[in-house]
Amino acid sequence: MSAHLAGTPILETERLVLRAPQMADWPRWLAFTQDARSAFIRGGTPMELGKAWRAFGHVVGMWALRGYGSFVFCLRGSDDALGMTGPWHPMEWPERELGWTVWQRAAEGKGLAFEAAKAARDFAFLSLGWDTAVSYIDPENARSIALAERLGAVLDNDAAVPHPDEPTLVYRHPNPGGPA
Amino acid sequence: MTDRPWESPPTGAAREIAAEIAAAVPELKTPRLRLRAPRMKDFDAFAEILTTARGIHVGGPMPRETAWLEFTEAVSGWLLRGYGMWSVERRADGALLGFLPLHHEAGDPEPELGYLFLASAEGQGYATEAAEAARDFAFGRLGWSRLISYIAPENARSIAVAERLGAKRADDERHPLDADLLIFRHPKPESS
């Protein structure tokens with residue numbers, strides 16, 4: 001029996017296809033967790049194998065339990081995951097998040113993460129019917145902050161954060177279906 | 001569950017997507033039990049096992065947040081590998097009794113059959129009955145030729161279940177990351 005994407009939506013943008021993660025994406029994810037580029041989501045040291053696997057399974061299992069989750073994004077005509085974005089809700093976080101990670105350096109600087117995150121945001125608000133969503137961002141993660149701002153998200157200094165002992169910015173996203 | 005809003009079952013479109021994924025998970029039936037796709041509501045029972053002394057032989061007791069990582073990871077197999085963890089309920093009244101994972105995590109040389117049951121479900125042969133169904137599914141529908149269970153040497157109840165299933169200790173093999181774990185090898189049923 002092969003792995004499958006039963007029931008999970010596929011999103012398409014001008015340049016990208018977004019789909020739920022599959023086993024074939026695991027090597028790309030693992031490489032990302034060992035790379036300096038993932039420092040903002042994991043702390044100081046590269047993730048050990050078991051932890052990287054747990055993190056991958058967490059993202060994928062959420063689809064089955066919550067009915068939403070993170071998409072990987074690939075260039076149209078390719079099935080090579082460049083990164084991941086989507087609505088998710090880890091345990092004990094104060095509210096649901098729109099997250100993103102860019103796994104491959106080659107995917108940077110072309111607006112691809114913006115294009116993917118915008119599609120995932122629209123899915124959360126317009127298809128799932130969310131009325132709000134935040135992104136939690138490390139204050140030193142300038143690239144992620146720039147993406148949040150490009151999406152029109154604004155700082156919400158009153159919002160609760162998942163880990164009060166860690167410096168975290170909360171960006172709140174505009175509802176693309178709501179009043180401007 | 002109002003004190004834990006992040007454990008709320010999905011609603012609206014998300015509920016429909018979750019139901020579609022669950023419908024793709026094969027359901028197994030035994031005389032007394034139904035093995036079905038796990039759902040959000042089942043997490044409370046899973047956490048009851050792994051966050052208490054009951055979870056001592058399977059990596060616990062662990063914080064609830066860690067149990068959630070274990071739960072989502074076990075469920076993710078259905079999407080990633082085409083096999084994963086079932087929730088086990090009693091057909092007579094729908095009561096949730098425990099969990100039956102076919103599970104292959106990073107670092108394990110091969111997939112394993114596990115069983116995690118609530119204290120209230122012990123002593124009635126439920127774990128053995130559910131594990132038999134999952135074992136037959138692995139050898140039959142999945143076409144596997146090998147199936148093992150990794151068991152902590154102090155976990156006498158789990159060893160007893162493995163032996164009731166006809167599994168044999170394979171003392172010539174060791175788990176590469178944890179040499180203390182016992183390896184029980186399940187016999188391939190003759191019919192498959």
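As a basis for the values below, the full set of heavy atoms in this structure was taken, side chains included, without hydrogen atoms, waters or symmetry mates. In what follows, chains carry the letters A, B, and so on, assigned in the order in which the sequence lines appear, proteins first and then strands, with residues in each chain numbered from 1.
Salt bridge status for B:R34 with B:E89: present, with a side-chain N to carboxylate O gap under 4.0 Å. Salt-bridge check for B:D93 with B:R90: passed, with a basic side-chain N closer than 4.0 Å to an acidic carboxylate O. In this structure, A:R172 does not pair ionically with A:D158, as no charged nitrogen and carboxylate oxygen lie closer than 4.0 Å. Salt-bridge annotation for A:D25 and A:R19: present, with a side-chain N of the basic residue lying under 4.0 Å from a carboxylate O of the acidic one.
Per-residue counts of heavy-atom pairs under 4.5 Å with chain A were compared for B:A14, B:A37, B:G84; the largest is that of B:A14. Note on B:A106, B:A13, B:G107: by heavy-atom pairs under 4.5 Å with chain A, the leading option is B:A106. For the set B:R39, B:E105, B:E16, B:K41, the entry with the most heavy-atom pairs within less than 4.5 Å of chain A is B:E105.
For residues 79-113 of chain A, the interface with chain B (any heavy-atom pair closer than 4.5 Å) comprises A:H89, A:P90, A:M91, A:E92, A:W93, sorted by residue number. For residues 46-76 of chain A, heavy-atom neighbours of chain B at less than 4.5 Å comprise A:L49, A:W53, A:R54, A:F56, A:G57, A:H58, A:V60, A:G61, A:M62, A:W63, A:A64, A:L65, A:R66, A:G67, A:Y68, sorted by residue number.
Ring pair B:F99/B:F46: centre-to-centre distance below 6.0 Å.
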| Evaluation steps, side-chain hydrogen bond (donor to acceptor under 3.5 Å, both in side chains), between B:T128 and B:R164 | CA-CA 7 Å; B:T128 307; B:R164 269 196 293 280; 3.3 Å; yes

| said: Under the criterion salt bridge (Lys or Arg N to Asp or Glu O under 4.0 Å), I'd like the reasoning laid out for B:R185 against B:E110: C-alpha separation, chi angles, the key distance, then a yes or no. | reply: CA-CA 11 Å; B:R185 191 161 294 288; B:E110 56 184 310; 3.5 Å; yes

| said: Run the salt bridge (Lys or Arg N to Asp or Glu O under 4.0 Å) test on B:R54 and B:E48 for me, step by step, so that the C-alpha distance in whole Å, both residues' side-chain angles and the decisive distance to 0.1 Å come before the verdict. | reply: CA-CA 8 Å; B:R54 211 168 163 69; B:E48 187 178 322; over 6 Å; no

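When each of B:L116, B:L33, B:V88 is paired with B:L100, the side-chain contact (heavy atoms from CB on, under 4.5 Å) condition holds for B:V88 and for no other. For the side-chain contact (heavy atoms from CB on, under 4.5 Å) criterion with B:Y150, the lone passing option out of B:D108, B:L182, B:D178 is B:D108.
Looking at A:R37 and A:F32, their side chains come closer than 4.5 Å, going by heavy atoms from C-beta outward.
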